There are 2 protein chains.
Amino acid sequence: MNPKLWQRNTQQRQVILEELRKLTSHPTAAKLCEIVRRRLPNISLGTVYRNLELLSQLGVIQKLEGGGEARFDGNAAQHAHIRCLACGCVADVLVNRPEKYPLPKCECGGFEVIGHRWEFFGLCNRCRQKRNIRKRYLERSHKNA
Amino acid sequence: MNPKLWQRNTQQRQVILEELRKLTSHPTAAKLCEIVRRRLPNISLGTVYRNLELLSQLGVIQKLEGGGEARFDGNAAQHAHIRCLACGCVADVLVNRPEKYPLPKCECGGFEVIGHRWEFFGLCNRCRQKRNIRKRYLERSHKNA
DNA sequence: TTGCTTGCAAAGGGTTTGCATAGGA
DNA sequence: TCCTATGCAAACCCTTTGCAAGCAA
């Protein structure tokens, strides 16, 4: 990244980026603020929002919107994500043979296409287990009834 | 769609769905409420939100999140969308040779994949023209300065 | 010294929710 | 009649913003 793209290289901005890049959990702004506060106890949520917005505008990080709260990814490289419909958590998706999936030729009714995003949605491991436990419980109560 | 999936087939619900299906503009909840009020002047925004949420849960319509306000599409069939980064408007995308782009095999770290969404972003015709007008204006002022 | 950035807190704005009433089955 | 859905308005919650003070360059 080019440090000249912003005016001041503040400690807050550095720590926010460093901590985000350590994570693979695609945290929300609030969660990242909590983590950054271990190093900078006085940082405010507003500052975290301002910097995450700036960094994502610069293309240094990715902002993942949709499905509730925004989440952030310290890896700016183009890659797909999957979001859990139950708890909202986000994980990276490794597409097999991605060379088979170039940006398709498309008709976009006068739009100038700048980018694209491929998002999956489903149920994460933990939520699927919860659902199965619930199902088994309901089946059992039904039999006993 | 199966009317039994809900409990009451109210006039509000019918009109919301009818009006949404007439549109290709992917309206926001507020915009659709405005349109529905031509036929049901007393309908409340809360009712519109409740029904749009219900219908999208049932898979009768699509809810398009990300990039600000949610927008809704009366066409529930799987298809790609493009959103204008400047004004937020949404249009359908016609992917050429979609058979070349089946759901890819992927590793999703324990997720159960339920669906996917392919979203493009860019600038719509109108915003692009505005931008060009602005650019020409700035160039001209620069020359004159 | 300059003026961008921060912390704080309040405002904003889309969406959800509680409650009494209306109305579909 | 029964119980879901509505209208209204307040509450919610994530995010943005105004302002005085702080601090990088």
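It should be emphasised that the depicted structure is a prediction, and the values quoted were computed from it without experimental measurement.
For the pair B:Glu53 CD and D:dT6 C1', the computed distance is 17 Å after rounding to whole Å. Straight-line distance from the CD atom of A:Gln11 to the C1' atom of C:dT5: 13 Å, rounded to whole Å. Computed from coordinates, the A:Leu64 CG to D:dC14 P distance equals 17 Å when rounded to whole Å. With rounding to whole Å, A:Ile16 atom CD1 is found 12 Å from C:dT5 atom P. Computed from coordinates, the A:Arg50 CZ to C:dC8 P distance equals 12 Å when rounded to whole Å. Atom C1' of nucleotide D:dC14 and atom CD of A:Glu65 are separated by 12 Å, given to the nearest angstrom. B:Gln14 has its CD atom 13 Å from the C1' atom of C:dG23, to the nearest Å. Between the C1' atom of D:dA24 and the CG atom of A:Asn51 lies a distance of 14 Å, rounded to the nearest Å.
Taking every side-chain heavy atom of A:Ala70 into account, D:dT15 is the closest of C:dT6, D:dT15, C:dG14. The listed nucleotides are C:dG7, D:dT16, D:dT6; the one nearest the side chain of B:Gln12 is D:dT6. Residue A:Thr47 has its side chain nearest to C:dG7 when only C:dG7, C:dT16, C:dA25 are considered.
Judged purely by atom type and a 3.5 angstrom limit, A:Arg71 uses its side chain to pair as donor or acceptor with the backbone of A:Gly88. Judged by distance alone, the side chain of A:Arg126 and the main-chain N or O of A:Cys87 form no donor-acceptor pair under 3.5 Å.
Note: B:Trp118 and A:His116 have tilted aromatic rings, judged against thresholds of 30 and 60 degrees for the angle between ring planes.
Between A:Arg39 and A:Gln11 there is no side-chain heavy-atom pair separated by less than 4.5 Å.
OP1 or OP2 of D:dT16 has not a single side-chain nitrogen or oxygen of A:Tyr49 nearer than 4.0 Å.
Of the candidates A:His79, A:Arg117, A:His26, A:His79 is the only one forming a side chain to side chain contact (heavy atoms under 4.5 Å, CB included) with A:Gln62.
Salt bridge annotation for B:Glu19-B:Lys22: present, with a cationic side-chain nitrogen under 4.0 angstrom from a carboxylate oxygen.
Contact check of residues 37-45 of chain B against DNA chain D (heavy atom, cut-off under 4.0 Å) returns B:Asn42, B:Ile43, B:Ser44. Residues from residues 23-35 of chain B placing a heavy atom under 4.0 Å of any atom in DNA chain C do not occur.
Judged by closest nucleotide on DNA chain C, B:Glu69 is the one of B:Glu69 and B:Gly46 placed further toward the 5' end.
If you chain together hydrophobic residues whose side chains sit under 4.5 Å apart, B:Leu45 and B:Ile16 never meet in one group. Criterion: ILVMFWY side-chain heavy atoms under 4.5 Å apart, direct or through other members. Under it, A:Val15 and A:Tyr49 are not part of a common hydrophobic cluster.
For the atom pair A:Leu20 CG and A:Leu55 CG, the distance stands at 8.5 Å (nearest 0.5 Å).
A donor and an acceptor atom sit less than 3.5 Å apart, one in the side chain of B:Arg8 and one in the base of D:dC3.
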